[in-house]
S.K.: 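Please find one structure pasted underneath; my questions will follow.
Protein chains get the first letters and strands the later ones, always in sequence-line order, with residue 1 at the start of each.
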Amino acid sequence: MNQLAKITREQALAAKAWPFEEARRLLARIEARKKAGKPVDGVLFETGYGPSGLPHIGTFGEVARTSWVRHAFETISDIPTHLIAFSDDMDGLRKVPDNLPQPEMLAANLGKPLTAIPDPFGTHESFGHHMNARLRAFLDRFGFRYDFYSSTATYKSGRFDEALLRILARYDEVMKVMLPTLGEERQQTYSPFLPVSPKSGKVLLAKVVERDVAKGTITYVEEDGSHQTVPVTGGHCKLQWKPDMGMRWAALGVDYEMYGKDHLSQAPLYSAICKIAGGNPPEQYMYEMFLDDQGQKISKSKGNGISLDDWLAYGSQESLALFMFQKPRTAKKLYFDVIPKAVDEYIAFLESYHAAETTDEQRLENPVWHIHAGQVPQERYPVSFALLLNLVSASNAHNRDVLWGFIRAYSPEAVSPQSNPGLDKLADFALRYYEDFVRPSKVYRAPNEQERAALADLAARLEQLGDERDGKIVQDVVYDVGKAHNFEPLRAWFGALYEVLLGQSQGPRFGSFAALFGCAQTAAMIKAALNGEFLK
RNA sequence: GAGCCCAUAGCUCAGCGGUAGAGCAUCUGACUUUUAAUCAGAGGGCCGAUGGUUCGACCCCAUCUGGGCUCACCA
């Protein structure tokens with residue numbers, strides 16, 4: 001039961017699953033710090049978030065993956081860990097996002113920090129605060145452990161001041177790093193410091209004409225052409241995105257950060273700035289981007305691929321976590337068809353985790369150990385999700401009770417929604433899948449004269465059966481009716497049943513279906529079909 | 001141009017140092033009072049190419065070829 005207690009540090013140190021590989025890199029970093037005589041009071045993980053858009057499936061992936069490394073680290077070391085979820089809420093709003101209320105209000109506030117713009121939803125202190133709350137709700141929903149940091153609040157608190165002043169003092173070095181990465185035009189006006197205009201409140205991409213290291217100020221050209229002097233500290237200036245990341249690494253002492261491949265080429269810049277700001281760049285891990293079924297990059301504007309909500313509508317959270325766990329450095333296709341596979345793979349990993357012959361060493365390599373942070377649930381899934389999906393579409397089982405009837409009939413061992421809540425959830429996913437994908441493709445047809453008479457006959461016979469639950473007896477009746485009405489071959493009779501009643505060309509054994517669905521209910525269903533109610 | 005990823009059965013992929021695997025598809029059989037489902041089994045791979053390391057390589061290293069993606073403006 002308590003697998004966690006049996007795992008030894010030696011086993012964890014030898015484990016090959018990628019979070020352990022990462023944890024060992026991190027441990028080596030910390031050992032080096034100890035050797036250098038520097039204090040080691042904790043290990044800091046960071047994940048970043050841009051709050052001008054809602055959290056999405058990638059946000060989940062990044063935080064989940066970082067959390068797995070964190071947990072792996074905790075099993076090989078007693079050094080305390082922290083994970084910062086950092087929100088870039090001081091960024092100026094560059095364009096009005098789609099699908100938000102009050103676009104004209106947002107347009108009027110373009111350029112201002114997100115935390116200085118009213119909340120278009122009207123529920124929070126600012127737009128930034130609103131989005132931060134959404135992020136936190138998102139992270140809490142999945143039970144992530146984290147410390148939330150607001151960029152605005154951190155700048156204002158002075159926590160970045162020391163690093164900011166160092167960057168001001170070593171301005172030329174910063175420019176030497178940054179300028180080669182910029183276009184010729186941008187080089188003319190570039191400054192790592194973006195002043196927050198005392199006049200307009202906007203975060204300005206302004207040309208800096210003077211620096212005073214002793215006073216800790218810069219003088220820049222305002223939008224109206226005047227010269228303005230502001231401190232670089234205390235939230236009066238924000239750093240450009242790339243230096244911002246490096247400065248933050250230095251100021252907060254970040255030890256570990258992941259990013260998508262789109263950041264890869266920028267990463268050396270972050271590290272260079274971090275060193276200039278007096279820090280030691282963190283261990284970094286690049287993960288690949290997701291592709292759609294055509295192999296194209298998933299982007300919000302294209303609307304290809306699937307969203308987090310899509311996944312969670314048809315598959316479990318655990319299955320999504322498993323997908324994120326597997327091969328982070330391979331560009332994987334993320335589209336609808338991978339969900340059932342991920343769900344069943346999760347079930348398979350769960351089974352093998354609990355199998356008697358599985359060793360603790362093997363358990364450490366099993367994704368479910370990571371996904372559940374060592375506390376792997378005992379639940380069993382004797383029926384696969386693939387079978388459930390087949391069952392629900394083949395059986396027309398569009399309500400839970402009927403579906404559970406089929407599940408019991410198919411399961412090799414006793415199951416119930418109470419004792420198998422996970423399976424019950426899968427049943428819900430299967431039902432939703434049915435509603436969204438199977439039902440719309442159904443095509444009902446009207447019965448011909450022969451079929452009409454037979455169906456009426458069958459309805460009457462079913463009513464006589466009352467609450468008969470033996471599928472065989474009911475099947476005999478169905479067969480009799482077909483014979484009595486001279487269907488040749490007899491399969492035409494069954495075909496008619498499916499096409500008229502279920503709107504599909506194939507279906508479950510009809511007797512079993514009627515027995516589970518209820519003979520009386522089935523009779524009522526036949527009558528409804530005869531009345532043409534399915535043809536609309 | 002720079003960098004990253006991928007290349008294994010018809011398809012989608014797993015395997016990452018010790019005699020080639022799964023799912024789907026195909027075929028055969030069993031069961032079935034239609035089909036489907038289910039169960040059992042079969043066929044199908046010079047593991048992209050060439051060198052190297054090794055007693056031994058799909059697995060490690062180098063080079064090459066093909067495909068894909070990311071960054072080259074702004075965050």
S.K.: Please check if the side chain of A:D244 supplies one atom and the backbone of A:Q240 the other of a donor-acceptor pair under 3.5 Å.
M.R.: no
S.K.: Is B:G1 paired to anything, Watson-Crick or G-U wobble with both distances less than 3.5 Å, and if yes, which nucleotide?
M.R.: B:C71
S.K.: Write down the partner of B:C64 under the Watson-Crick or G-U wobble criteria, each distance required to be under 3.5 Å.
M.R.: B:G48
S.K.: Between B:A75, B:G17, B:C69, which nucleotide gets closest to the side-chain atoms of A:L205?
M.R.: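 Nearest to the side-chain atoms of A:L205, counting from C-beta on, is B:A75.
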S.K.: When the P atoms of B:G66 and B:G41 are considered, how many whole Å apart are they?
M.R.: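 Per the computed distance, 44 Å lies between those P atoms.
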S.K.: Using only side-chain N and O atoms of A:K333, determine if any of them is under 4.0 Å from OP1 or OP2 of B:C5.
M.R.: no
S.K.: Please report the distance separating the P of B:A49 from the corresponding atom of B:A7, rounded so that it comes out in whole Å.
M.R.: 13 Å
S.K.: What's the CG-C1' distance between A:D262 and B:C5, to the nearest Å?
M.R.: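 Atom CG in A:D262 sits about 14 Å away from atom C1' in B:C5.
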S.K.: Using the C1' atom as the point on both nucleotides, what is the distance between B:G43 and B:C61, in whole Å?
M.R.: 37 Å
S.K.: Considering only the P atoms, how many Å lie between B:C24 and B:G56, rounded to the nearest integer?
M.R.: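 39 Å, rounded to whole Å.
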S.K.: Rounded to whole Å, how long is the line connecting atom CD of A:E288 with atom P of B:C71?
M.R.: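 Taking CD of A:E288 and P of B:C71, I get 11 Å after rounding.
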S.K.: What's the closest nucleotide to the side chain of A:K261 if the choices are B:C4, B:C71, B:A75?
M.R.: B:C4
S.K.: Taking CH2 from A:W493 and C1' from B:U35, how many angstroms apart are they, rounded to a whole number?
M.R.: 15 Å
S.K.: Tell me the partner of B:A30, counting only Watson-Crick (N1-N3 plus N6-O4 or O6-N4) or G-U wobble (N1-O2 and O6-N3) with both under 3.5 Å; none if nothing fits.
M.R.: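 WC or wobble partner is B:U38.
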S.K.: Output, in order, the C-alpha distance, side-chain angles, deciding distance and verdict of side chain to side chain contact (heavy atoms under 4.5 Å, CB included) for A:F138 and A:F60.
M.R.: CA-CA 9 Å; A:F138 177 88; A:F60 172 85; 3.9 Å; yes
S.K.: Is the gap between the ring centers of A:F20 and A:W369 under 6.0 Å?
M.R.: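 Yes.
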S.K.: Mind checking the P distance from B:C6 to B:A14? Whole angstroms is fine.
M.R.: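 Each nucleotide's P atom is 9 Å from the other's.
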S.K.: Mind checking the P distance from B:C58 to B:A40? Whole angstroms is fine.
M.R.: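 B:C58 and B:A40 have their P atoms separated by 31 Å.
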S.K.: Side chain of A:L291, heavy atoms from C-beta onward: which of B:C69, B:A75, B:C71 has the nearest atom to it?
M.R.: B:C69
S.K.: Take A:K341 and A:D480, find for each the nucleotide of RNA chain B with the closest heavy atom, and name the residue whose nucleotide sits nearer the 5' end.
M.R.: A:K341
S.K.: At their closest point, which heavy atom of A:I57 faces which heavy atom of A:M324, and how far apart are they?
M.R.: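 Heavy-atom minimum between the residues: O-CE, 3.5 Å.
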S.K.: Do A:F323 and A:F290 have ring centroids that are under 6.0 Å from one another?
M.R.: yes
S.K.: Could you work out the separation of B:G21 and B:A9 based on their P atoms and round it to a whole Å?
M.R.: 14 Å
S.K.: Please state how far atom CE in A:M289 lies from atom C1' in B:C4, giving the value in whole angstrom units.
M.R.: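 Distance check: A:M289 CE to B:C4 C1' gives 11 Å.
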S.K.: Measure the distance from NZ on A:K327 to P on B:U12 and round it to the nearest whole Å.
M.R.: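 So the NZ-P distance, A:K327 to B:U12, works out to 14 Å.
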S.K.: Write down the distance between CG (A:L182) and P (B:C71), rounded to a whole number of angstrom.
M.R.: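 Checked: the CG to P distance equals 16 Å.
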S.K.: Kindly confirm whether the side-chain ring of A:Y479 is stacked on the base of B:U33, judged by centres under 5.5 Å and planes under 30°.
M.R.: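 Taking the rule of under 5.5 Å and under 30°, the ring of A:Y479 does not stack on B:U33.
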S.K.: If the plane angle is over 60° it's perpendicular, under 30° parallel, otherwise tilted; pick one for A:Y149 and A:F86.
M.R.: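 Taking A:F86 first and then A:Y149, their aromatic rings sit tilted (interplane angle of 30° to 60°).
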S.K.: Choose from B:A75, B:C5, B:C4 the nucleotide whose nearest atom is closest to any side-chain atom of A:T330.
M.R.: B:C5
S.K.: Would you mind classifying the nucleic acid contact of A:R94 as base, sugar-phosphate or nothing, using non-hydrogen atoms under 4.0 angstrom?
M.R.: nothing
S.K.: From CG of A:L239 over to P of B:A75, roughly how many Å is that when rounded to an integer?
M.R.: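 It is 12 Å, rounded to the nearest whole Å.
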S.K.: Whom does B:C58 pair with, Watson-Crick or G-U wobble, provided both distances fall under 3.5 Å?
M.R.: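 For B:C58, the partner nucleotide comes out as none, under the 3.5 Å rule.
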S.K.: Only pairs with both distances under 3.5 Å count, Watson-Crick or wobble alike; so what is the partner of B:C16 in this structure?
M.R.: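 Base-paired to nothing in any strand shown.
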S.K.: Return the pairing partner of B:A9 with a 3.5 Å limit on both distances, Watson-Crick or G-U wobble; otherwise return none.
M.R.: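 The base-pairing partner of B:A9, which may sit in any strand shown, does not exist here.
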S.K.: When the nearest nucleotide of RNA chain B is assigned to A:R186 and to A:K16 on a heavy-atom basis, which residue is associated with the more 5' position?
M.R.: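 It is A:K16, whose closest nucleotide lies nearer the 5' terminus.
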S.K.: Which whole number of Å gives the distance between the P atom of B:C16 and that of B:U50?
M.R.: 24 Å
S.K.: Using Watson-Crick or G-U wobble geometry with both distances under 3.5 Å, which nucleotide pairs with B:U53?
M.R.: none
S.K.: Could you check how far CE of A:M245 sits from P of B:A75, rounded to whole Å?
M.R.: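 Atom-to-atom, A:M245 to B:A75, this comes out as 14 Å.
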S.K.: Please check the phosphate of B:A14 (OP1 and OP2 only) for any side-chain N or O of A:Q326 closer than 4.0 Å.
M.R.: no
S.K.: Check whether the ring centres of A:H370 and A:W18 lie less than 6.0 Å apart, and answer yes or no.
M.R.: no
